[in-house]
Each structure stands twice: as C-alpha cells, then as structure tokens.
There are 2 protein chains.
Amino acid sequence: MDRKVAMPDSLRRFKADIFQALAHPTRIAIIELLANGELSAGELIAKLGMEQANVSQHLAVLRTKQLVVNRKAGNQVFYAVRDPIIIKVLALMRRYFQKNLKGALELLNEIDNMPADSGR
Amino acid sequence: MDRKVAMPDSLRRFKADIFQALAHPTRIAIIELLANGELSAGELIAKLGMEQANVSQHLAVLRTKQLVVNRKAGNQVFYAVRDPIIIKVLALMRRYFQKNLKGALELLNEIDNMPADSGR
DNA sequence: ATACTATATTCGAAGGATCGAATATTCAAA
DNA sequence: TTTGAATATTCGATCCTTCGAATATAGTAT
C-alpha cells in the first residue's frame with residue numbers, strides 16, 4: 001500500500017524537458033516547418049517572420065534538448081528534426097485539437113481576450 | 001516566396017499550452033497514474049508522496065488546460081484523463097526515450113551534475 | 001452548531017523563460 | 001585583409017512558474 005509511482009523521477013524529468021522544449025508557439029512552428037525536411041536558419045527566420053536573434057534562441061533551445069540536429073554548409077546552418085517520433089507527437093496533438101475543437105476555442109478565447117465582454 | 005507558415009498562430013498557442021501543461025515531472029506522473037483509470041486527489045497525493053497543496057496546484061493546472069476532468073463524490077474528488085490521446089502522447093514519448101536512451105541519459109547528467117570539470 | 005476530513009486557493013519568495021538590442025563568431029568573396 | 005552575409009551569444013528587463021505556509025471551502029459526522 002502506498003507504493004510510490006514506479007518510473008524513476010529522472011525519466012519523468014526527461015519527458016518534462018521535452019515537453020518544455022515544445023511548450024512555445026514559435027518552437028512548435030519550427031518543428032512543423034521542419035516536418036517535410038531540413039531548412040536553413042535563414043529560411044526559418046523568413047517563414048516565421050520574426051527577429052533573427054529570437055529564432056536563433058528558440059533553435060538553441062531545440063538543439064540543447066536534442067529535438068533538432070544541425071548541419072553546417074558554408075555560410076549557412078541547416079536544421080532538421082532528429083527523430084520523426086516528435087513529428088508523430090505533433091500529429092497526435094493535431095488530432096487532439098480537432099477532437100476537442102469546441103472546448104479548445106473557448107479556452108483560447110478565455111486566455112486571449114480577457115476583457116469582461118467585448119463583441120458578441 | 002516568403003510565404004508565411006500556414007497554421008494560424010492561435011492553434012500553435014493551443015498546442016504550446018498543452019505541452020506547457022505536460023512540462024512538469026509531477027504533472028506527467030499524475031497523468032501516468034491516471035492512465036489506468038480515475039483516482040481521488042488523496043490517492044494521488046499518497047502515491048506521489050508530495051505536499052497536498054502542491055499536488056492540488058498541479059491538478060489545477062491540468063484542470064485549467066482541460067487535460068483532466070474531475071468528479072465530486074462526497075468528500076472526495078476523483079480525477080481522470082479527459083482524452084486518451086494524451087496517454088498516447090505519453091506512450092510515444094516513452095518510445096522516444098527508449099530510442100534515444102543513450103543521449104537522453106547524457107543530457108540528464110549534464111543537466112543534473114553541472115560540475116565545472118570532474119573527469120576529462 | 002462543532003469538529004473533522006478532503007481538497008482548493010491565496011500569498012510571497014525564488015528561480016526560470018522570453019524578448020529585443022547589442023555584440024560576437026564564422027565563413028566566403030572581393 | 002577588409003567587407004559582408006549568416007548565425008549565435010550575451011545582457012538586462014519583464015513576465016511566468018513553482019514551491020511551502022497559511023488559509024479557505026465543502027462535505028460528513030457528532
């Protein structure tokens with residue numbers, strides 16, 4: 001009785017770390033952009049339409065957590081998703097979103113516009 | 001050229017939010033404990049061996065992001081995972097961990113013991 | 001009503017994440 | 001070897017998260 005949970009904490013910390021790496025809209029966008037093959041940092045920056053430094057920082061996070069690998073080619077650095085399982089995870093999340101679309105949208109609105117009552 | 005990424009940002013924010021909810025070892029432990037069916041908050045607290053308030057706070061996060069549902073029964077509150085897809089996501093993560101065990105352990109060690117220079 | 005058990009919420013401190021600005025590095029081309 | 005392009009890193013401000021302690025709420029039993 002009171003048998004503690006089985007998996008060692010280090011493993012859970014590992015998983016949490018991966019989720020943490022995915023827990024930002026920009027980093028999700030990066031992974032999704034890389035789902036069809038590698039892209040250079042510059043291409044990512046262009047497609048995301050964000051600050052160079054900021055994208056580079058997010059790439060650093062993904063690199064550190066080893067979700068992406070990079071390959072230097074002359075002036076440029078090409079990024080790719082390291083393991084397709086991560087893409088499968090995102091695909092599952094897409095299904096989750098579709099299934100729970102209704103509640104999800106409500107959730108988004110609550111989070112987004114926090115004014116008491118605007119339109120509608 | 002320079003065609004921005006397709007998915008609206010709100011969807012990516014939604015996904016990021018879910019990952020954020022999973023981005024903590026305790027919350028992963030909770031979901032894994034709930035994988036086989038509902039448990040009361042008290043049972044979760046006992047199995048986790050953590051502060052009552054802390055577990056309750058983590059449950060609040062999971063509730064807010066709608067990853068779990070709860071059912072009141074007299075004195076107690078029973079929690080359950082709302083959509084089995086989330087359990088599948090964790091299962092995929094388990095596979096990911098097994099596949100990348102080697103690098104994962106190194107990563108854990110690096111993060112854990114950050115001594116300036118022991119071996120080498 | 002009072003007391004007890006189960007759970008949730010609030011608070012404040014400490015640490016972690018994110019951003020743009022500025023700067024550094026690296027490679028290639030002139 | 002200077003210049004320029006592509007990418008990375010550092011810095012500091014601001015915000016978000018997490019924790020335990022304390023407190024609140026809700027249900028049950030006396």
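Not measured: the values here are computed from a predicted model. Just so we're on the same page: letters track the sequence lines, and every chain starts at 1.
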Counterpart residues, side-chain hydrogen bond (donor to acceptor under 3.5 Å, both in side chains), relative to [X] (two or more places apart):
{"X": "A:Asn54", "result": "A:His58"}
{"X": "A:Gln76", "result": "none"}
{"X": "B:Ser40", "result": "B:Glu43"}

Whole angstrom value for the distance that separates [atom2] of [N] from [atom1] of [X]:
{"X": "B:Lys72", "N": "D:dA26", "atom1": "NZ", "atom2": "P", "answer": "7 Å"}
{"X": "B:Ile28", "N": "D:dT18", "atom1": "CD1", "atom2": "P", "answer": "12 Å"}
{"X": "A:Leu62", "N": "D:dA8", "atom1": "CG", "atom2": "P", "answer": "12 Å"}
{"X": "A:Arg12", "N": "D:dT18", "atom1": "CZ", "atom2": "C1'", "answer": "17 Å"}
{"X": "B:Lys65", "N": "D:dT17", "atom1": "NZ", "atom2": "C1'", "answer": "10 Å"}
{"X": "A:Leu48", "N": "C:dG20", "atom1": "CG", "atom2": "C1'", "answer": "16 Å"}
{"X": "A:Phe19", "N": "D:dT18", "atom1": "CZ", "atom2": "P", "answer": "14 Å"}
{"X": "A:Glu51", "N": "D:dA6", "atom1": "CD", "atom2": "P", "answer": "16 Å"}

With sequence neighbours left out, what residues match A:Arg63 under salt bridge (Lys or Arg N to Asp or Glu O under 4.0 Å)?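 Residues passing salt bridge (Lys or Arg N to Asp or Glu O under 4.0 Å) with A:Arg63: none at all.
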
Check the phosphate of D:dT17 against B:His58, side-chain N and O only, distance under 4.0 Å to OP1 or OP2. Yes or no?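 False: B:His58 side-chain N/O out of range (4.0 Å or more) of D:dT17 OP1/OP2.
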
For D:dT17, does OP1 or OP2 lie under 4.0 Å from any side-chain N or O of B:Gln20?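 Checking B:Gln20 against D:dT17: at least one side-chain N or O falls below 4.0 Å of OP1 or OP2.
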
Checking B:Arg12 side chain against A:Ala29 main chain: does a donor-acceptor pair fall under 3.5 Å?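 Not at all, since once roles are kept as given, no pair shorter than 3.5 Å links the two residues.
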
What nitrogen or oxygen pairs link the protein and nucleotides 7-11 of chain C at under 3.5 Å?
residue, atom, partner, partner atom, Å
C:dT7, OP1, B:Val77, N, 3.3
C:dT7, OP2, B:Gly42, N, 2.7
C:dA8, OP1, B:Tyr79, OH, 2.3
C:dA8, OP2, B:Ser56, OG, 3.1
C:dA8, N7, B:Gln52, NE2, 2.8
C:dA8, N6, B:Gln52, OE1, 3.2
C:dT10, O4, B:Gln57, NE2, 2.9

Give me each pair satisfying ring pair (Phe, Tyr, Trp, His ring centres under 6.0 Å) with a member in residues 70-95 of chain A, each pair once, sequence neighbours excluded.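 For residues 70-95 of chain A, and leaving out neighbouring residues, there are no ring pair (Phe, Tyr, Trp, His ring centres under 6.0 Å) pairs at all.
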
